[in-house]
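This one's a predicted model, so the numbers in the text were calculated from it and none came from an experiment. Chain letters run A, B, ... following the sequence lines, proteins first, then strands; residues in each count from 1.
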Number of protein chains: 2
Amino acid sequence: MTSAGRLPPMPTLAYAILALLSRGPLTGMEMSHKLRDPIGLYWEARHSQIYPALSRLAYRGWITSPEPAAPGLRPRRRYEITVDGVAALRAWVGSPPSRRSHRDELLLRVYASWVCDRDVTVGLLRQAETRHRDRLQDYLARRASSHTSRELGPPGSATFADYATLRRGIGFERGRLAWVRWLIRSLETGA
Amino acid sequence: MTSAGRLPPMPTLAYAILALLSRGPLTGMEMSHKLRDPIGLYWEARHSQIYPALSRLAYRGWITSPEPAAPGLRPRRRYEITVDGVAALRAWVGSPPSRRSHRDELLLRVYASWVCDRDVTVGLLRQAETRHRDRLQDYLARRASSHTSRELGPPGSATFADYATLRRGIGFERGRLAWVRWLIRSLETGA
DNA sequence: ATCTCCATGTAACTCGTTACATGATTTT
DNA sequence: AAAATCATGTAACGAGTTACATGGAGAT
């Protein structure tokens, strides 16, 4: 620990960024793309949230970026994690889990769906089915490519962690899809 | 629609409250309890969020509450949904799904876990295993009691909607638990 | 009478999203 | 040169959490 004084705790997003940078340097825009859609990471954020977070991380000395050449050149800052950053990330992984509340809008809609026509509910579910089917296909494609191209590292490696989260994504989508299809069948047959 | 003029859209929490009230009148505190832990509804909120939302809902005429007797009596307002409220809820269920980003802190920790010792990761996962096992037990108990006590209404009924969300909860916890256990095994055996 | 809990409400602050702004790079 | 796009940033606002405040009900 190089910095002194009591600093306020960092938001979870900061650790999501550190987790990305622990795999190698990235620019803000690259992080933005990786945090856009549910890739293996399961933590979404917009660039408008990312850039201020990068400032705070740099201020703490958890990340650094060589100044982007001379003024006049296009500024494409590339950040990398510091040893303090890795230490902070390591400490956070083992820290007590925060009581983060989880919300699921589709579940809520299904819970409320008994007040509306069956057609509306089925339409809602068909939309959800498409979304989850597409996402599952995406995940399966990712897993296939990472299996064939290179070896899957041993447990404890970065590539294994990638695979573990991806595996959970596949399991989630499969379970969700099965449930949606069961519900559609139930509503249509009236059983 | 009785109200005129362009009013700002209501937050999802408002519809969660309407979904609860569509099943019968409740007080603020009762809603607070139902929105506390992940019961079949999957939408959490604190009382400090609920009471202002109730004011807004009443202002719109989507819920009503008979004034609580004379002043001097303990104020325990009981709210009930209006016909306009049911109509609003019905419209919301069929409305296009909002692009709500989903975040999963356990997944993020696993994604980052390769920077720390295996013991720490396994400890994190064991905690998660306990949490999910307890929750699964809770859900299974709920399902068992609702199965034996009264008949499970037909698809389209409120009791069926309750059961459908509960069923998804069970599926989610089972899938999550299987994944956590697979990950623990993998880390411990090093396979 | 006092104390504690219950029920409702308010305030302050952080997190997160949408929209706006700026300049540099590439395209037409 | 003008237009579209990329990359970074800022502003305004809404959503959500923690902490504080109020007053009645029941217990000792």
Side-chain angles (χ1 to χ4, degrees), chain A residues 7-17 25-38 42-59 63 65-79 97-105 108, chain B residues 7-17 25-38 41-59 63 65-79 96-105 108:
Chain A
L7 289 168
M10 294 292 271
T12 308
L13 171 62
Y15 298 100
I17 291 173
L26 292 171
T27 70
M29 187 53 52
E30 287 166 340
M31 298 180 214
S32 176
H33 287 309
K34 284 185 184 295
L35 292 173
R36 182 161 306 260
D37 255 325
Y42 285 96
W43 200 268
E44 298 183 23
R46 314 267 167 208
H47 76 273
S48 60
Q49 226 188 328
I50 292 169
Y51 288 110
L54 289 174
S55 298
R56 292 187 61 187
L57 283 166
Y59 178 77
I63 63 176
S65 78
E67 282 301 321
L73 272 190
R74 180 176 197 164
R76 264 168 48 97
R77 270 170 179 259
R78 181 166 292 272
Y79 293 89
S98 70
R99 281 270 165 256
R100 183 170 303 275
S101 63
H102 59 131
R103 302 184 172 89
D104 190 322
E105 194 167 310
L108 177 56
Chain B
L7 289 168
M10 294 290 272
T12 307
L13 171 62
Y15 299 100
I17 291 173
L26 292 171
T27 70
M29 186 52 53
E30 287 166 339
M31 298 179 215
S32 175
H33 286 308
K34 284 183 185 297
L35 293 173
R36 181 160 307 262
D37 255 325
L41 185 51
Y42 285 95
W43 201 268
E44 297 183 23
R46 313 266 169 211
H47 76 274
S48 60
Q49 226 187 330
I50 291 169
Y51 288 111
L54 289 174
S55 298
R56 291 187 63 187
L57 282 166
Y59 178 77
I63 62 176
S65 78
E67 283 300 321
L73 272 191
R74 179 176 197 164
R76 264 169 48 97
R77 269 168 181 262
R78 181 166 293 270
Y79 293 89
S98 70
R99 283 269 167 257
R100 182 170 303 275
S101 62
H102 59 131
R103 302 184 172 88
D104 191 322
E105 194 166 311
L108 177 56

Can you figure out which of [options] approaches the side chain of [X] most closely?
| X | options | result |
| --- | --- | --- |
| B/T27 | D/dA7, C/dT18, C/dT8 | C/dT8 |
| A/Y79 | D/dG9, C/dC15, D/dT17 | D/dG9 |
| A/P52 | D/dT10, C/dT10, D/dG16 | D/dT10 |

Short side-chain N/O contact from B/Q49 to OP1 or OP2 of D/dA15, under 4.0 Å: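 Checking B/Q49 against D/dA15: no side-chain N or O falls below 4.0 Å of OP1 or OP2.
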
Partners passing side chain to side chain contact (heavy atoms under 4.5 Å, CB included) against A/A53 (at least two apart in sequence or in another chain):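 Residues passing side chain to side chain contact (heavy atoms under 4.5 Å, CB included) with A/A53: A/L13, A/I17.
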
Working for side-chain contact (heavy atoms from CB on, under 4.5 Å), residues A/M31 and A/L54: CA-CA 10 Å; A/M31 298 180 214; A/L54 289 174; 3.7 Å; yes

Most 5' of B/R100 and B/R78 on DNA chain C, judged by nearest nucleotide: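 Final value for this comparison: B/R78.
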
Heavy-atom donor-acceptor pair, A/S101 side-chain to D/dT17 base, under 3.5 Å: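 No, the side chain and the base share no sub-3.5 Å donor-acceptor pair.
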
Any N/O donor-acceptor pair, B/S48 side-chain to D/dT18 base, under 3.5 Å: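 Check passes, donor-acceptor contact within cut-off.
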
Quickly work out the [X] [atom1] to [N] [atom2] distance and round it to whole Å.
| X | N | atom1 | atom2 | answer |
| --- | --- | --- | --- | --- |
| A/R56 | D/dG9 | CZ | P | 16 Å |
| A/E44 | C/dT17 | CD | P | 8 Å |
| B/R77 | C/dA7 | CZ | C1' | 13 Å |
| A/M10 | C/dG16 | CE | P | 13 Å |
| B/R46 | C/dA11 | CZ | P | 21 Å |
| B/L35 | D/dT17 | CG | P | 11 Å |
| B/R36 | D/dG16 | CZ | P | 16 Å |
| B/I50 | C/dA7 | CD1 | P | 13 Å |

Compare every heavy atom of [Y] with every heavy atom of [X], then report the nearest pair and how far apart it is.
| X | Y | answer |
| --- | --- | --- |
| B/Y79 | B/S65 | CD2-CB, 3.7 Å |
| A/S32 | A/H47 | OG-CB, 3.7 Å |
| A/R56 | A/P9 | NH2-O, 4.0 Å |

Sugar-phosphate, base or nothing in reach of A/R103, heavy atoms under 4.0 Å: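 Sugar-phosphate, no base atom in range.
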
Residue met sooner reading DNA chain D from 5', once B/L13 and A/Y51 are mapped to nucleotides: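 Its nearest nucleotide being more 5', the pick is A/Y51.
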
Side-chain donor-acceptor pair present, B/T12, A/R103, cut-off under 3.5 Å: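 No pair is found: no donor N or O on one side chain lies under 3.5 Å from an acceptor on the other.
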
Side-chain heavy atoms of A/W43 within contact of B/E105, under 4.5 Å: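 In contact.
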
Test item: B/M29 and B/H33 side chains (from C-beta on) under 4.5 Å apart, heavy atoms: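 Yes; the side chains approach each other to less than 4.5 Å.
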
Quick test: give all pairs of protein nitrogen or oxygen and nucleotides 20-22 of chain D nitrogen or oxygen below 3.5 Å, distance rounded to 0.1 Å.
none

Nearest-0.5 Å distance, CG of residue B/L26 to CZ of residue B/R78: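 The CZ atom of B/R78 is 7.0 Å from CG of B/L26, to the nearest 0.5 Å.
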
Spacing of CG belonging to A/L35 relative to OG belonging to B/S101, to within rounding of 0.5 Å: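 Going from the CG atom of A/L35 to the OG atom of B/S101 covers 11.0 Å.
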
Difference in axis direction between the ends of the helix from C/dA1-D/dT28 to C/dT28-D/dA1, five pairs, 10°: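 Between the axes fitted at each end of the helix from C/dA1-D/dT28 to C/dT28-D/dA1 lies an angle of 10°.
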
